[in-house]
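Written below as structure tokens is the structure these notes are about.
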Amino acid sequence: MATDDTTYRWVKDGALGPGRMRYGADYNPEQWPREVWQEDVRLMREAGVNIVSLGIFSWALLEPRPGEWDFGWLDDVMDLLHANGIDVDLATATASPPPWLAKRHPEILPQTIDGTTLWPGSRQHWRPTSPVFRAHALRLTRALAERYADHPALVAWHISNELGCHNLYDFSDDAARAFRVWLQDRYADLDALNEVWGTAFWSQHYGEWDEILPPRAAPTQRNPGQQLDFERFSSDAVRDHLRAENAVLAEVTPGVPRTTNFMVAQNVRDIDYASWVDDVDFVSNDHYLRPGEQGRDDLSFWANLTGNLSGGRPWFLMEHATSAVNWRAVNPPKRPGELVRDALTHVGHGADAVCYFQWRQSRAGGERYHSGMLPHAGADSRVFRDVVDLGTQLRDLAVVTGSRRERARIALVFDYESWWVSGRDSHPSESPAYDVETLRWYRALLDLGVRVDVVPVSTDLDGYELVLAPLLHVVPAALRDRLTGFVEAGGHLVTTFFSGVVDEHDRVWLGGYPGALRSLLGITVEEFAPMLPDERGALSTGAEVRDWSERIARIEPDVEVVASYRGGDLDGAPAITRRRAGLAGGSATYVSAAIDRRAAKELLHDLGRDIPALTPDPLAAGGSVDVIVRTGRGGRYVFLANRTDDEVAVAAAGDLIAGAARRDRDDALVVAPRGVAVVAQTRDALPA
Ligand code: GAL
């Protein structure tokens, strides 16, 4: 776990790298008169801001007419920021094309599933596969790179912005052409495609490549294999755009690190970020707190996944909100303590930069009610005071930078394709939602008081004691073999209903469910038994079941029934099973029903009798605290995130280096409601 340069692929003359926590925001000075810029930099300094993302939506001002550049104002902003010690993550400014481009080339405009054109007047109105848009975007990228290559404020490139946020699915003719090329690369011949898409069904057999279309609006259910490939293609098409801008920047400014802000969280589910990581010099992510009681744990979940997408290396929190957003049905402000709590939770999971959308709350435009670091009310406000307080805490956390997320003994597998496919239409039920089910198990683990890594499915599972893979719906043969190998080598696996059912083409594995995992789990399910919205079932353990149950018709002799159904048509049938597998003491547990978080915790608690990784950590204070750990050359940093609205006392050794906490008379650390305490343990003080 060295804090050396290999930790970052993104150090540039020490400007962006270990030794300083990055703090800042998207900065949109073009929305304000120049005199406001002076106040901006003064208040940025007061808050401890040391980096901003600039120019994200500036194309129309940088190139007001085709080929006519106006860089003067941006030069001035770059100089002003530099003079005030603030570095720049400079956008390539291609996220939102100017009106003249759409007027001249309406063929860049994306089309929705039913052929509706997405017109200018908002943002991101471009087809990822449009050759015309691509050429213009690369022209702008090159012009910016050449202009600012040697500017001392430039420390990183911000490629486009949230690629695919609004234009991931484009069903235009450009998309159709590119989709066919993508399919030809993947399948080479049409017979192979016809076979895996199952086109014998409903007379869908293709005789020529150019008969294939994106899965546009159709009379009824569309081909599942075609939909899945279109999702993969769309994720790859947007990544191609990233690669194209990346290549220009690599050529003109090879020494400047490049990133693009992912949306690993809930907003856009259909991008496979695990396949994007190698295309950036450092991982960046945007996260917006879900309102409601699950919000904090949800944040921890996605930050955890981001840290593991980044391979445990530090990453950059590019956007979150100081308080309310403006795009949900109701947008409550953050509660006291949450601004700092959210930021430090991200830092615990490996963020070495804490940035917001945006610096100054807009006066006009669609985001005028979205919070910023500097609200409409001005600097004399709760939000700005919290912003200044956070800046101080981040300075104290400089020591943490460069350290890595400490690996846990439990992995929770997150599989993008299972997310996409399990939520498809024409299924036994629309109810089970992949993100809800995975979050439920994450929360059950936190309730128990154990640490877990949320990992992309491609992660090497060696070294984990327990792997949870809820609703792992898509299981190709290679994944089945990896999971089987893991269990046979002594690992423990817990998986849940509707798992293992289909292969990588969304074709059902035959012989009974859970398909690919049937022999590993030692059970055969003959029928799914999804439940109506007001129906409730029960297990022998007392657990309530809603939404989903299954009839396990057969179990192998070496399978133990951990719980059975009680009442209803499934009365007495096995509901939770466990098979001891291999000679090394591994096991494979199957939960055939959707059980609630408390029941999930109880099951994990019981499994803890012979899975040591499930032994609660005393620092978790019975599940009240989310314990997150980073380790580096300097020591071990334990982030104790209070999940409750009450103070929590924890017997934590070490120096309190940041956060909302105090020591009581017994030397216990009392963490404030919704607070995060950061404790440094030196190497010598580490537990053996
Ligand atoms: C992001 C976007 C920002 C801003 C923010 C508001 O999707 O990148 O530009 O719109 O959302 O929450």
Side-chain angles (χ1 to χ4, degrees), residues 24-32 51-61 88-97 118 120-126 128 156-169 238 241-242 245 259-271 273 276 280 283-291 295 298-299 302-303 306 315-334 338-339 342-343 346 351 353-376 383 387:
D26 287 9
Y27 181 38
N28 299 303
E30 64 270 42
Q31 296 177 15
W32 299 95
I51 193 163
V52 294
S53 295
L54 193 63
I56 293 176
F57 298 110
S58 304
W59 191 345
L61 294 183
V88 174
D89 166 50
L90 186 59
T92 55
T94 56
S96 198
L118 298 179
S122 175
R123 65 173 175 188
Q124 240 180 16
H125 43 282
W126 51 275
W157 285 112
H158 182 110
I159 295 179
S160 190
N161 188 64
E162 288 195 343
L163 281 158
C165 181
H166 309 292
N167 60 351
L168 178 64
Y169 290 127
V238 179
H241 186 86
L242 165 67
E245 289 197 18
T259 193
T260 190
N261 41 347
F262 293 179
M263 300 163 284
V264 169
Q266 64 275 11
N267 305 342
V268 175
R269 56 179 199 130
D270 295 351
I271 293 180
Y273 285 117
W276 287 38
V280 291
V283 166
S284 304
N285 194 41
D286 297 351
H287 181 273
Y288 288 93
L289 188 73
R290 269 194 203 179
D298 179 74
L299 182 157
W302 297 109
T306 307
W315 51 279
F316 202 107
L317 176 63
M318 191 64 85
E319 286 182 24
H320 69 318
T322 55
S323 190
V325 300
N326 66 314
W327 39 262
R328 301 186 200 270
V330 180
N331 300 296
K334 284 196 177 175
E338 289 187 349
L339 182 149
D342 294 352
H346 285 292
V354 171
C355 293
Y356 291 97
F357 175 82
Q358 59 176 330
W359 163 250
R360 185 184 278 274
Q361 185 170 11
S362 296
R363 179 172 197 189
E367 294 187 315
R368 64 207 179 287
Y369 294 111
H370 194 294
S371 59
M373 292 176 90
L374 185 61
H376 287 156
V383 165
V387 160

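Atoms within a ligand are numbered from 1 in the order they appear, just like the ligands themselves.
- Considering backbone and side-chain N/O of Asn326, none are found under 3.5 Å from N/O of ligand 1.
- Applying side chain to side chain donor-acceptor pair (under 3.5 Å) to Ser362 and the options Gln31, Glu367, Arg368, His370 leaves one that passes, Gln31.
- Under the 3.5 Å distance criterion, with hydrogens and angles disregarded, no donor-acceptor pair is assigned to the side chains of Asn326 and Asn331.
- Annotation for ligand 1: atoms under 4.0 Å from non-hydrogen atoms of Asn161 are 2 (C), 8 (O), 9 (O).
- Counting the atoms of ligand 1 from 1 in the order shown, those under 4.0 Å from a heavy atom of His370 are 6 (C), 12 (O).
- Counting the atoms of ligand 1 from 1 in the order shown, those under 4.0 Å from a heavy atom of Phe57 are 9 (O).
- Applying the 4.0 Å criterion to heavy atoms of Trp327 picks out, from ligand 1, the atoms 6 (C), 12 (O).
- Classification of the Tyr273-Phe262 ring pair by plane angle, with boundaries at 30° and 60°, yields parallel.
- Atoms of ligand 1 found under 4.0 Å from any heavy atom of Arg123 (numbered from 1 in listed order, with element): 2 (C), 3 (C), 4 (C), 7 (O), 9 (O), 10 (O).
- Near Glu367, the atoms of ligand 1 lying under 4.0 angstrom from a non-hydrogen atom of the residue are 4 (C), 5 (C), 6 (C), 10 (O).
- A donor-acceptor contact closer than 3.5 angstrom is absent between the side chains of Glu245 and Ser160.
- Checked against a 3.5 angstrom limit, the closest N/O atoms of Asn261 and ligand 1 fall outside it.
- By the 30° and 60° cut-offs, the orientation of the rings of His346 relative to His320 is perpendicular.
- The closest side-chain heavy-atom distance from Trp276 to Leu163 is below 4.5 Å.
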